[in-house]
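Notes follow the structure.
By convention in this document, chain letters (A, B, ...) are assigned in the order of the sequence lines, proteins followed by strands, and residues within each chain are numbered from 1.
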Amino acid sequence: MHGLVNRAVEGFVCDSYGEEKWLEVVRRARLEDSHFEAMLSYDDAITIKTVTAVAEVLSRPAKEVLEDIGAYLVSHPKTEALRRLMRFSGDSYEEFLQSLDDLPDRARLAVSDLHLPRTEVHEQSANQFTVTCFDTVPGYGSVMMGVLRAMADDYGALVFLEFIGHDAGVEKLAVSLLEAEFAEGREFSLGVRAG
Amino acid sequence: MMEPTSFDMLDVLCPMHLVLSDAGRVVHVGPTLRKLRPEQALVDRGFLDIFAVKRPRAIGSVAELCAVAGAKLHVNFRDSPQTELKGVLVPGPGRAQTIVNLSFGISILDGVRDYALSAADFAATDLTIEMLYLVEAKSAAMEASRNLNKRLQIARVAAEEQAFTDTLTGVKNRRAVNHVLSGLIASRAQFALMQIDLDFFKAVNDTLGHAAGDHVLQTVARIMVEETRGHDTVARVGGDEFVILLEAIQDRATVERIGRRIIDRLQQPIAYRDQTCVIAGSIGTVLSHTYEEPDADQILADADIALYASKHAGRARQTFFRPELRDAADVRVAPFPDPATVSRLA
């Protein structure tokens, strides 16, 4: 697993629950180092072990934790750079949704060894979409759910998200776009450089 | 005259275009270009009054401008901000009309900031948004890499400081000796400590060079490792100084035998390329059980005294520390022997 992924889990715990909780995760998961390196590669088992430990330490279902991680990734001030990169995908939430097809390619453009699962977006009917992620590590769909939820807030869109199911490495989400301009979204201007 | 519908088409296809009359006056301005000068009416002004042409050089008239149709233009606004734009000029479909299409080029990074442009301001086919995405993505990734490099550098320095290995010979270093020695003392283990100093090593270094010297040190270290047991500690603690910690030993005869074997082997000439290096070794030894309360500094100091007694007594020998030696410790080492002595020892 790419270090960025593990680093995201670490950042989520540290920024949302504090360093102490993270060290508890490190001990419980018996991690060799107390911090992950964003630009190194780790065994997949380490990521799974870490997420399991986070869920145990926080006494919350792993699915919920993963969803929160997804939301953290695109909404926390420390991850502003990533939010901005996501906003480059489209001017509206719908455009953003449609562009998820390109997400793995966009990720690879930024970090050449970062491989995200192939994602397909289909418009079922007006304002009804399904997002399908293929060949995922279990839980990717939950992270995606958190990202989609937080990005809806970012664009000011009102959405209803539902986890439809997972089967043999395929995870499927349903997105209902109830109102595209429900609230004032967060500002995004091309020219402001992320901190 | 170009139809308004043509202007609409141009607005979509190239939102940073201008349509000029045959007199070089602006007839129409694309929507994004209008955003660059929202306070000014650009229509009816002369193109060359709004923009200075940087390249091709020396374009001062409309006729000269029209003469470079098809060539790449570099222009900048005459007023501030003097944003640089690149573009191309072509004769328009309408009679006596010229179209100039402009773009930011590399100045886009400042451009989007100065003019608060959004994705909608660029043509659907324009790769500007992708480029801006890449710039930000790469800066973020580069930042992460830089942080990693910085941390690795710090970790490396820390690791070197904490290292227990002598990089030249592969045996332990002084830090390791201190560590093992304090461990042995704390666990009240019985052990022997040998302080070994090479004789005539400086002569090898001076006459045959550092490479030969390094080879000798590596050979010496190997000999010491071979003559001791796996759980003993062999360390190079200085240029040509070594320490051996022999564990679970209280029998003086065994230590004497090990020391003798090391001294014998050190005296055998060491071949380096077509040269022969001749050295010897002197040993000062301390047995831990001769102390009531062993102390690391005391043991090392006493081993040193015993070592100098060996040197004083004619080198290539082992001396066991005894308290009387401490009183004679001010005895100086014998002067460096002449080559004749060296060959005799060899």
Side-chain angles (χ1 to χ4, degrees), chain A residues 2-8 10-11 32-42 73-74 76 78-96 98-99 102-114 116 155 185-195, chain B residues 12 15-16 31-33 35-36 38 81 83-85 103-156 158-159 162:
Chain A
H2 201 284
L4 276 169
V5 176
N6 296 350
R7 181 83 192 158
E10 176 186 338
E32 278 176 27
D33 291 310
S34 48
H35 296 288
F36 286 117
E37 279 301 342
M39 285 294 144
L40 295 183
S41 201
Y42 296 87
L73 278 178
V74 293
H76 196 273
K78 280 201 182 168
T79 55
E80 174 70 10
L82 193 54
R83 174 189 92 94
R84 284 188 55 79
L85 292 180
M86 296 301 267
R87 283 292 293 255
F88 271 104
S89 310
D91 281 341
S92 65
Y93 189 69
E94 187 176 343
E95 253 187 63
F96 162 78
Q98 300 278 13
S99 77
D102 304 333
L103 190 62
D105 288 336
R106 280 186 173 269
R108 229 182 27 247
L109 265 185
V111 181
S112 57
D113 57 347
L114 176 59
L116 297 185
Y155 279 100
R186 283 178 66 192
E187 202 186 321
F188 173 69
S189 70
L190 296 175
V192 179
R193 304 297 304 277
Chain B
V12 173
M16 286 185 67
T32 302
L33 197 56
K35 265 196 157 178
L36 270 48
T83 308
E84 283 194 29
L85 301 169
S103 105
F104 279 97
I106 207 71
S107 69
I108 184 64
L109 292 179
D110 298 327
V112 287
R113 195 188 53 223
D114 290 349
Y115 303 113
L117 299 178
S118 74
D121 293 320
F122 296 93
T125 50
D126 194 327
L127 290 177
T128 299
I129 302 302
E130 279 75 7
M131 194 188 91
L132 292 173
Y133 164 82
L134 261 185
V135 169
E136 286 205 24
K138 288 297 174 193
S139 318
M142 185 74 87
E143 186 61 28
S145 288
R146 233 197 320 270
N147 288 339
L148 170 59
N149 282 342
K150 217 183 294 168
R151 280 195 295 276
L152 288 181
Q153 189 60 34
I154 293 167
R156 191 199 151 97
Q162 291 161 13

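Annotation: Lys78(A), atom NZ; neighbour count of heavy atoms from other residues, nucleotides and ligands within 6.0 Å does not exceed 12. Met131(B) CE: more than 12 foreign heavy atoms inside a 6.0 Å radius.
A donor-acceptor contact shorter than 3.5 Å links the side chain of Tyr133(B) to the backbone of Arg106(A).
Rounded to the nearest 0.5 Å, atoms CE (Met39(A)) and CG (Leu152(B)) are 12.5 Å apart. Separation of atoms CG (Leu85(A)) and CG (Leu134(B)) is listed at 9.5 Å; rounding is to 0.5 Å.
Looking at Glu143(B), neither its backbone nor its side chain comes within 4.5 Å of chain A, counting heavy atoms on both sides. Contacts of Ala120(B) with chain A are made by both backbone and side-chain atoms, with heavy-atom separations under 4.5 Å. Both the backbone and the side chain of Ser145(B) come within less than 4.5 Å of a heavy atom in chain A.
Nearest heavy atoms, Val111(A) versus Lys138(B): N-NZ, 4.5 Å. Heavy-atom minimum distance, Ala141(B) versus Ala110(A): CB-O, 3.8 Å.
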